[in-house]
Number of protein chains: 2
Amino acid sequence: MHLTVSEENYIKAIFHLQEADGTVSTNQLAANIHTKPASVTDMLKKLTSKRLLLYKPYQGVRLSSEGRKLALEIVRKHRLWESFLVDKLQFGWDEVHEVAEELEHISSKKLVDKLDQFLGNPRFDPHGDPIPDSNGVMLSLRQVNLLDLKPHTKAEVCSVGSQSPELLELLKHKQILIGTRLEVQCKFEFDHSLEIQLEGRGNITISQQLAQALFVKTI
Amino acid sequence: MHLTVSEENYIKAIFHLQEADGTVSTNQLAANIHTKPASVTDMLKKLTSKRLLLYKPYQGVRLSSEGRKLALEIVRKHRLWESFLVDKLQFGWDEVHEVAEELEHISSKKLVDKLDQFLGNPRFDPHGDPIPDSNGVMLSLRQVNLLDLKPHTKAEVCSVGSQSPELLELLKHKQILIGTRLEVQCKFEFDHSLEIQLEGRGNITISQQLAQALFVKTI
DNA sequence: AAAATTATTTAGATTTGTCTAAAAATATTT
DNA sequence: AAATATTTTTAGACAAATCTAAATAATTTT
Ligand SMILES: [Mn+2]
Ligand SMILES: [Mn+2]
Ligand SMILES: [Mn+2]
Ligand SMILES: [Mn+2]
């Protein structure tokens, strides 16, 4: 099944929008994709005829199982390319989205799987979003950067942003591991440091650099 | 100046075809791009109105200086991506062309320059073709794989396909360096080995594996 | 339960890139 | 120099993806 870039962008947009509501409206899609509702209706008909959507006129749309499978392939490519740009080409995590928006449409399956392997089969992209594996299986939880947690949020450490010996030394010293539970107490504007409480232990201070290297899931 | 994928493919095709003749005919282009002469004429008019071509109806076409500049950017991307696929993702050199045909249209200038740097600013792609630098300057000579030289051709070694210690050990033993001049004497079908004469020295045998790792320029 | 508002679809037009068939220009052969 | 063959351009059509304006369906307010 070959899809055009436009068709793929619609499929991916529906995938993300239906995460929230289950079903997606024509106007929602038009806003998301920066197009007009009339154009959306045209494309919904076309993708429905390709059996990628479950679409009831006036009632909204969602992906068929085949549509969902294709969406996951596109999301996989998007997030793997973002990881490549940040980890290998030293892009900042805030400047990769637009380029990945183009790269996600490169069609070679072999390329994607080799890229995945080259990157060490990462499970999360630079924004903490999970990367589907080559079978389209994706963890549902979202990793969040510790730096982005609001005070009084409880969370559990689930991965680290790098494997540098310096980082591991510091984590060892502070006795923080994958699975450690914590609660953010307060954040300081001056140096962007955080005070956190480690579950069962006391309060400690985390520098901006360290917080940025820790990914957590809220609990 | 934003170009569509089709426009870029035409520009690149004209660039390659005009290397030979200086000027390119409508039918040549149609054959090269797998389209019809009438479609070519339409596109030639369009690209001419964008000042990328010098086009005289019935007389053929060539790139303007701005067209040439754009062509070199596309060729640069194509060859850098091919290098990435072979050097980093372990693709075979014979299976990268089609994927690069898609990747060459990704538009981020920053991406290309970071990729170039990541690859160590290679001067030749996996097929021995020179890679234009970020200013559009390209060496005119083409590297050729030693394996592809015909008997009685003289050549000079100008690069090696890998930096493995095993390869370097063998080159040291055979006293072959960058700059060594040689002449292919004969080739053997059975094991694809070559007999070559090293300038000022005698004849030696080169295995298929070794020949494949040596790039030369003909002299 | 009407009326008014909002969301969605339909109808018709536009742009891009392609095609086929026919006309015109150029090149080759006699 | 004609006649013939080849190349190239023009004319008109089509599919894809978009748009605007108008019609219709659904929802919300009165
Ligand atoms: Mn996209
Ligand atoms: Mn992301
Ligand atoms: Mn291409
Ligand atoms: Mn190449």
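We name chains A, B, ... by the order of the sequence lines, and we start the count at 1 in each one. Predicted model only: the values in this text are computed from it and were never measured. For the numbers below, each heavy atom of this structure counts, side chains included, while hydrogens, waters and symmetry mates do not.
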Q: To the nearest 0.5 Å, what is the distance between CG (Leu29(B)) and CE (Met43(B))?
A: 10.5 Å
Q: Lys36(A) side chain: which of dT20(C), dT20(D), dT18(C) is closest?
A: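 Minimum distance to the Lys36(A) side chain belongs to dT20(D).
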Q: In a table with atom names and distances, give each donor-acceptor pair under 3.5 Å that connects a side chain of residues 129-136 of chain A to protein atoms at least two apart or in another chain.
A:
from      : atom 1 : to        : atom 2 : distance (Å)
Asp129(A) : OD1    : Arg142(A) : NH1    : 2.4
Asp129(A) : OD2    : Arg142(A) : NH1    : 3.4
Asp133(A) : OD1    : Asn135(A) : N      : 2.8
Asp133(A) : OD1    : Gly136(A) : N      : 3.1
Asp133(A) : OD1    : Val137(A) : N      : 3.0

Q: Any idea which of dT18(D), dT18(C), dT9(C) is nearest the Thr35(B) side chain?
A: dT18(C)
Q: Just so I know, are the side chains of Leu103(A) and Leu103(B) near enough to count as touching, which here means a heavy-atom distance under 4.5 Å?
A: yes
Q: What nucleotide among dC19(D), dT9(C), dC19(C) has an atom nearest to a side-chain atom of Pro37(A)?
A: dT9(C)
Q: Would you indicate, yes or no, if dA16(D) has its OP1 or OP2 atom less than 4.0 angstrom from a side-chain nitrogen or oxygen of Thr4(A)?
A: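 Checking Thr4(A) against dA16(D): no side-chain N or O falls below 4.0 Å of OP1 or OP2.
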Q: Side chains of Glu183(A) and Gln197(A): is there a donor and an acceptor less than 3.5 Å apart?
A: no
Q: What's the closest nucleotide to the Tyr58(A) side chain, out of dT18(D), dT9(C), dT20(D)?
A: dT9(C)
Q: Hey, does Pro57(B) reach any base, or is it just sugar-phosphate, or nothing, if we go heavy atoms under 4.0 Å?
A: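 If one applies the 4.0 Å heavy-atom cut-off, Pro57(B) turns out to touch the sugar-phosphate alone, with no base involved.
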Q: Less than 4.0 angstrom between a side-chain N/O of Ser25(B) and OP1 or OP2 of dT8(D), yes or no?
A: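 Yes.
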Q: Taking for each residue the nucleotide of DNA chain D with the nearest heavy atom, is it Gln59(A) or Ser39(A) whose nucleotide lies nearer the 5' end?
A: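 Nearest-nucleotide comparison on DNA chain D picks Ser39(A).
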Q: Below 4.0 angstrom from OP1 or OP2 of dT9(C), is there any side-chain N or O of Thr26(A)?
A: yes
Q: Please report, rounded to the nearest Å, how far the C1' atom of dA21(D) is from the CG atom of Asp42(A).
A: 14 Å
Q: Below 4.0 angstrom from OP1 or OP2 of dT8(C), is there any side-chain N or O of Tyr55(A)?
A: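 Tyr55(A) to dT8(C) OP1/OP2: no side-chain N or O under 4.0 Å.
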Q: Please check the phosphate of dT8(D) (OP1 and OP2 only) for any side-chain N or O of Asn27(B) closer than 4.0 Å.
A: yes
Q: Measure from NZ or CZ of Lys88(A) to the centre of the six-membered ring of Phe118(B), then state whether that distance is under 6.0 Å and the direction lies within 45° of the axis.
A: no
Q: Would you say Lys45(A) reaches dT10(C)'s phosphate, i.e. side-chain N/O to OP1/OP2 under 4.0 Å?
A: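 So the side-chain polar atoms of Lys45(A) do come within 4.0 Å of the phosphate oxygens OP1 or OP2 of dT10(C), strictly under.
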Q: Starting from P on dT10(C), measure out to CG on Leu44(A) and report it in whole angstrom.
A: 11 Å
Q: In whole angstrom, give the distance that lies between atom CG of Leu3(B) and atom C1' of dT16(C).
A: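 After rounding, the gap between these two atoms is 14 Å.
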Q: dT9(D), OP1 or OP2 - any side-chain N/O from Thr41(B) closer than 4.0 Å?
A: yes
